[in-house]
Q: 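Sharing a structure below in structure tokens format, with a few things to ask.
Every heavy atom of this structure was used, including side-chain atoms; hydrogens, water molecules and symmetry mates were not.
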Amino acid sequence: MVCADTSHSAVADRSAGTVDFDRVYDRHQFGSVKWANQWDEFSPRVEGENLLSLWTADMDFRAPEAVIAALREAADHGIYGYTRRDPRHYEIVQSWFARRHDWAPALETLLPAPAIMPSVAAMLRTFTKPGDGVIVQSPVYSPYFEVIHGSGRRLLVNRLRLQNNRYELDLENFERLAASGAKAFLLCNPHNPAGKAWTREELTALNDVCERYGVLVISDDIHCDIRLSDRPHIVFSSLSEDAAEKSFICTAPTKTFNLAGVPSATVSVANKERREALLATMRASFMVNANFFGRLALEVAYSTGAPWVDQLTGYIDGNVDLVFKFAEDRLPGITPMRPDASFLVWLDACELDRKVGGIQQFFVDRARVNLYDGRVYGPGGEGFIRLNVGCPRPMLRKGLERMSKALALV
């Protein structure tokens, strides 16, 4: 079996070499949500023949070869029993964030988690009560709305300000919401769907308000690794001791390495009492048993995957450039927002949206391209669409060509 420390193994060597991100793979046969154009059996399906799927946030790239090899070896072993995360597992997580983001959380602060959103739900159950207010900054990742409503908590929307095609904080409104009795703030860092990397000054301003009113901060850092600008990723708990005391930092390799189907996550909780309380909730919900393949994928990816991520980042950056070039030359009425991080591009199509009666459905019907409707992301998302550029460039170019042809007939 492949051990957790793969840094000098033959498996690790498979991370070297040039990755062919241009290669297109057929994903239909393995139940892909993205290519079924349907999240689950309870959600409506997006219909259309020959539909090109550029919507939900997983990538159309194979995971690093070292991860594939380790999972194949584990699968061939054939015994998939209960699995634990030993101390080396947490050292691997700590090492990844220390090297990539200059943040080395103390090992004792790290808790195991099956994925980020179940962990957020556990935090809300543990540290808030039904009816308590939870702040989100819209437009934002739609499961935040679901987890707050589903937990019986009160949604408090701090709408971001759109200034010169960038989002800025509305601190005055944020403070009013905090003062109204908010108990928690769900921070998307970097921001999804816009890919904005929050600056140290912005995060410090948010921390000051939360400190003043006793608001806990749950930070979702899942998109932090793919860096497309010179803005670094600032982990909220690294701001100060008081920021660390009030925060929960949620991390996972699933977006970075395209491992959403074999999930594994980690939560850093600096405050000992809150850490123990959260762990008790997670244990009572049977959330701490490691997934056999997810644990291994995390360890191998974080141990050996840096060269792969560096190549991926360059490729994604090229895809973003392609979108901007296409928008300027051939997508009239669409203005992309350049992301600092992630593989998602937020497109302003407000005027077109009004003109065609819904831009997302227009592209499904007229271009056979499925994008994410900005309305899903709450107030401020109307008239926007989210484009996933985590795909082979020939596929992205094909989608943009289709969109261009459709717009030429408007």
Q: Do the ring planes of Tyr377 and Trp346 sit parallel (below 30°), tilted (30 to 60°) or perpendicular (above 60°)?
A: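 Because their plane-to-plane angle is over 60°, the rings of Tyr377 and Trp346 count as perpendicular.
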Q: Of Gln360, Gln361, Arg375, which is the lone residue that meets side chain to side chain donor-acceptor pair (under 3.5 Å) with Asp353?
A: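 The side chain to side chain donor-acceptor pair (under 3.5 Å) with Asp353 is passed solely by Arg375 among Gln360, Gln361, Arg375.
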Q: Is atom CZ of Arg23 surrounded by more than 12 heavy atoms (other residues, nucleotides or ligands) closer than 6.0 Å?
A: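 Count not over threshold, so no.
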Q: Are Trp35 and Leu52 side-chain neighbours, meaning at least one heavy-atom pair lies under 4.5 Å?
A: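 Yes. Closest side-chain heavy atoms under 4.5 Å.
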Q: Could you tell me whether Glu91 and Arg88 make a salt bridge, using a distance below 4.0 angstrom between a side-chain N and a carboxylate O?
A: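 Salt bridge present between Glu91 and Arg88.
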Q: More than 12 heavy atoms of other residues, nucleotides or ligands under 6.0 Å from CZ of Arg283: is that the case?
A: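 No, CZ of Arg283 has 12 or fewer neighbouring heavy atoms, counting only those of other groups under 6.0 Å.
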Q: Would the distance check show the side chain of Ser229 and the main-chain N or O of Arg231 forming a donor-acceptor pair, the cut-off being under 3.5 Å?
A: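 Checked: pair present.
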Q: Any salt bridge between Asp242 and Lys246, counting N to O under 4.0 Å?
A: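 Salt bridge between Asp242 and Lys246, a charged N being under 4.0 Å from a carboxylate O: yes.
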Q: Given Tyr141 and His191, is the ring-ring contact (aromatic ring centres under 6.0 Å, His included) satisfied, shown in steps?
A: CA-CA 8 Å; Tyr141 183 52; His191 182 264; over 10 Å; no
Q: Which distance, rounded to the nearest 0.5 Å, do you find between the CZ of Arg159 and the CG of Asp170?
A: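 Between atom CZ of Arg159 and atom CG of Asp170 there are 10.5 Å.
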Q: Please work out which of the three classes, parallel, tilted or perpendicular, describes the rings of Phe293 and Tyr80, given edges at 30° and 60°.
A: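 Ring orientation, 0 to 90° scale: tilted.
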Q: Is Glu245 salt-bridged to Arg274, going by a charged N under 4.0 Å from an acidic O?
A: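 Salt bridge flag = no for Arg274 with Glu245.
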Q: Does Glu172 pair with Arg176 as a salt bridge, N-O distance under 4.0 Å?
A: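 Arg176 and Glu172: not salt-bridged.
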Q: If you draw a 6.0 Å radius around CZ in Arg366, do more than 12 non-hydrogen atoms from other residues or ligands fall strictly inside?
A: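 Not buried by this count: 12 neighbours or fewer within 6.0 Å.
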Q: I'd like to know if Arg393 pairs up with Asp321 as an ion pair, taking the criterion as any Lys NZ or Arg NE/NH1/NH2 lying under 4.0 Å from an Asp or Glu carboxylate oxygen.
A: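 No.
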Q: Would you call Glu47 and Arg45 a salt bridge, taking side-chain N to carboxylate O under 4.0 Å as the test?
A: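 Yes, this pair counts.
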Q: Do Asp310 and Arg100 meet the salt-bridge criterion of a basic N to acidic O distance under 4.0 Å?
A: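 The answer is yes: the pair qualifies as a salt bridge.
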Q: Considering all heavy atoms of both residues, which atom of Arg386 and which atom of Ala57 are nearest to each other, and what is their separation?
A: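 Nearest pair, atom of Arg386 first, then Ala57: NH2-N, 3.4 Å.
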Q: For the residue pair Tyr167 and Phe384, categorise the inter-ring angle as parallel (less than 30°), tilted (30 to 60°) or perpendicular (more than 60°).
A: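 It falls in the tilted class, 30° to 60°.
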